[in-house]
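Here the structure comes first, spelled out in structure tokens, and everything after it is commentary.
Counting begins at 1 with the first residue of the sequence. We use all heavy atoms of the structure for the numbers below, so side chains are in, but hydrogens, waters and symmetry mates are not.
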Amino acid sequence: AQVNGVKYPSLAAAVEAAQANETVTLLTSATGAGVIINKDITIDFDGYTYTVNQAVGSPGTVTNGFQILKDNTVTLKNGTLTSTAVTSGKEVKMLIQNYANLTLTDMNLVDNTDHILYALSNNSGNVNLVKNTNITTDAVAFDVYDYTAGGYAVPTVNVSTTGTIAGKIEVSESISNNLKISGGTFTVEIAETWCVDGYIPVKNADNTWSVVPGKFIAQVNGVKYPSLAAAVEA
């Protein structure tokens, strides 16, 4: 990876060397240890894949691919983040554990192991999934977690991707309105309360779910429909 034209043999070294608001750019696909981010920074994957083979984190919770700490603004863009099997007992259970203001733009989070519990765990901050961002996992794709007991402000997660979120979604009931979806295709049912105002969830012919502009205008047996004709047909 490089920062300002200076090259480094690891992504972690490049992130450590970067100053606030600088951009770290991957120069090739690579495998290496996870990264703890505690500054305002952009990581441009430049079309490449970074594979985490050793987790990082706080003492007692060394389970993260990327750990992004609070009070920072971070952008990850233009590539793929994944993980591989355990190294030195430090298996990755969360590709990203986030406490910061985080934007994923044109990113792919891919779960290639049986160890991942969360692809993206959001404990605080303003989180944006934009452009063609995709998450692929059999576990939880992302959550919106009320971690106020830990002293953190609740997160808000905005999803306007054109990509696919394949995996479960967990939302703390106390902050269900802090998930705001206006785009994307999902492999799980989308709750109406998760949608941005003016959008509604719809089930597609292939049993995936999307959100579209509109409103529900009729219902049958508690099931809502966006048109009277659809309700009468049902």
Determine the minimum heavy-atom distance between Leu120 and Val127, stating which atoms define it. CD2-CG1, 4.5 Å

Step by step, work out the side chain to side chain contact (heavy atoms under 4.5 Å, CB included) result for Phe142 and Asn122. CA-CA 7 Å; Phe142 68 85; Asn122 299 300; 4.1 Å; yes

Looking at Tyr152, I'd like to know if the NZ or CZ of Lys70 sits under 6.0 Å from its six-membered ring centre while staying within 45 degrees of the ring's axis. yes

Which value, rounded to the nearest 0.5 Å, describes the distance between Thr61 atom OG1 and Lys93 atom NZ? 10.5 Å

Rounded distance [0.5 Å steps], CG in Asn21 versus OG1 in Thr42: 8.0 Å

Residue pair Val188, Trp209: steps toward the side chain to side chain contact (heavy atoms under 4.5 Å, CB included) verdict: CA-CA 7 Å; Val188 296; Trp209 287 77; over 6 Å; no

Using only atom types and a distance under 3.5 Å, with no angle test, would you say the side chain of Thr49 pairs donor to acceptor with the backbone of Ser29? no

Check the pair Asn112, Thr82 against side chain to side chain donor-acceptor pair (under 3.5 Å), reporting the backbone distance first and the verdict last. CA-CA 7 Å; Asn112 282 331; Thr82 187; 2.9 Å; yes

Going through the distances and angles, do Asp146 and Ser172 end up as a side chain to side chain donor-acceptor pair (under 3.5 Å)? CA-CA 6 Å; Asp146 184 352; Ser172 295; 5.7 Å; no

If you compare all heavy atoms of Ile41 against all heavy atoms of Glu22, which two are closest, and at what distance to 0.1 Å? CG1-O, 3.4 Å

When you check the side-chain N and O atoms of Asn123 and Asn98, is any donor under 3.5 Å from an acceptor? no

Is there a path of hydrophobic side-chain contacts, each under 4.5 Å between heavy atoms of I, L, V, M, F, W or Y residues, that connects Val56 with Ile43? no

Where do Gln2 and Val24 land on the side chain to side chain contact (heavy atoms under 4.5 Å, CB included) test, with the steps shown first? CA-CA 6 Å; Gln2 70 176 8; Val24 172; over 6 Å; no

Distance-only donor-acceptor check, side chains Thr84 and Asn53, under 3.5 Å: no

Answer yes if the side chains of Asn72 and Asn101 hold a donor-acceptor pair under 3.5 Å, and no otherwise. no

Mind listing the closest non-hydrogen atom pair of Ala218 and Ser227 along with its distance? CB-O, 4.5 Å

Report yes or no: do Leu179 and Val140 belong to one cluster of Ile/Leu/Val/Met/Phe/Trp/Tyr joined by side chain heavy-atom distances under 4.5 Å? no

Could you pull out the closest heavy-atom pair between Val220 and Ala231, with the gap in Å? CG2-O, 3.4 Å

Residue pair Ala139 / Leu117: nearest heavy atoms and the distance that separates them: CB-O, 3.3 Å

Does the pair Phe66 and Leu81 meet the rule for a side chain to side chain contact (heavy atoms under 4.5 Å, CB included), with working shown? CA-CA 9 Å; Phe66 282 18; Leu81 177 64; 3.8 Å; yes

With Glu16, which residues qualify under salt bridge (charged side-chain N to carboxylate O under 4.0 Å, His left out), at least two apart? none

Are more than 12 heavy atoms from other residues, nucleotides or ligands located less than 6.0 Å from atom CG of Asp206? yes

Could you go step by step and tell me if Lys224 and Glu192 meet the salt bridge (charged side-chain N to carboxylate O under 4.0 Å, His left out) rule? CA-CA 10 Å; Lys224 297 179 180 180; Glu192 186 179 354; 3.1 Å; yes

Is there a side-chain contact between Pro201 and Cys195 in this structure, where contact means two heavy atoms from C-beta onward sitting under 4.5 Å apart? yes

Enclosure of Asp138 CG (heavy-atom neighbours >12, cutoff 6.0 Å): no

Residue from Asp106, Asp46, Thr133, Thr105 passing side chain to side chain contact (heavy atoms under 4.5 Å, CB included) with Lys77: Thr105

Hydrophobic clustering (ILVMFWY, side-chain heavy atoms < 4.5 Å, transitive) - are Ile165 and Val130 grouped together? no

Lys168 atom NZ, neighbour heavy-atom count above 12 within 6.0 Å: no

Are any non-hydrogen side-chain atoms of Leu102 and Leu76 less than 4.5 angstrom apart? yes

Counting distance only, does the side-chain N/O of Asn178 pair as donor-acceptor with the main-chain N or O of Pro155 below 3.5 Å? yes

Donor-acceptor pair between Ser210 and Asn204 side chains, under 3.5 angstrom: yes

Would you indicate whether the side-chain heavy atoms of Ile190 and Val211 approach each other to under 4.5 Å? yes

For the OG1 atom of Thr208 and the CD atom of Glu189, what is their distance to the nearest 0.5 Å? 12.0 Å

Could you grab the distance from atom CG of Asn64 to atom CD of Gln97, nearest 0.5 Å is fine? 4.0 Å

Please determine which of Ile37, Val74, Ile36 meets the side chain to side chain contact (heavy atoms under 4.5 Å, CB included) test together with Leu69. Ile36

Mind checking whether Val154 and Leu129 sit in one hydrophobic cluster, side chains of I, L, V, M, F, W, Y counted as touching below 4.5 Å? yes

Got Tyr48 and Thr80 here, is their nearest side-chain heavy-atom distance under 4.5 Å? no

Is a donor on one side and an acceptor on the other found under 3.5 Å between the side chain of Ser160 and the backbone of Gly183? no

For the residue pair Asn78 and Met107, establish whether any side-chain heavy-atom pair is separated by less than 4.5 Å. no

To the closest 0.5 Å, what do you measure between CG (Asp71) and CG (Asp40)? 9.5 Å

Where is the tightest heavy-atom contact between Ala141 and Ala166, given as atom of each residue plus distance? CB-O, 4.4 Å

Does Phe186 belong to the same Ile/Leu/Val/Met/Phe/Trp/Tyr cluster as Tyr118, with side-chain heavy atoms less than 4.5 Å apart forming each link? no

Can a side-chain donor-acceptor contact be found between Ser58 and Gln67 if the only test is distance below 3.5 angstrom? yes

Nearest 0.5 Å, what's the NZ-OH distance between Lys180 and Tyr199? 13.5 Å

Under a 4.5 Å cut-off applied to non-hydrogen side-chain atoms, are Thr103 and Thr73 in contact? no

Can you find a pair of side-chain heavy atoms, one from Leu11 and one from Tyr50, that are under 4.5 Å apart? yes

Any Leu109 side-chain heavy atom under 4.5 Å of Thr136 side chain: no

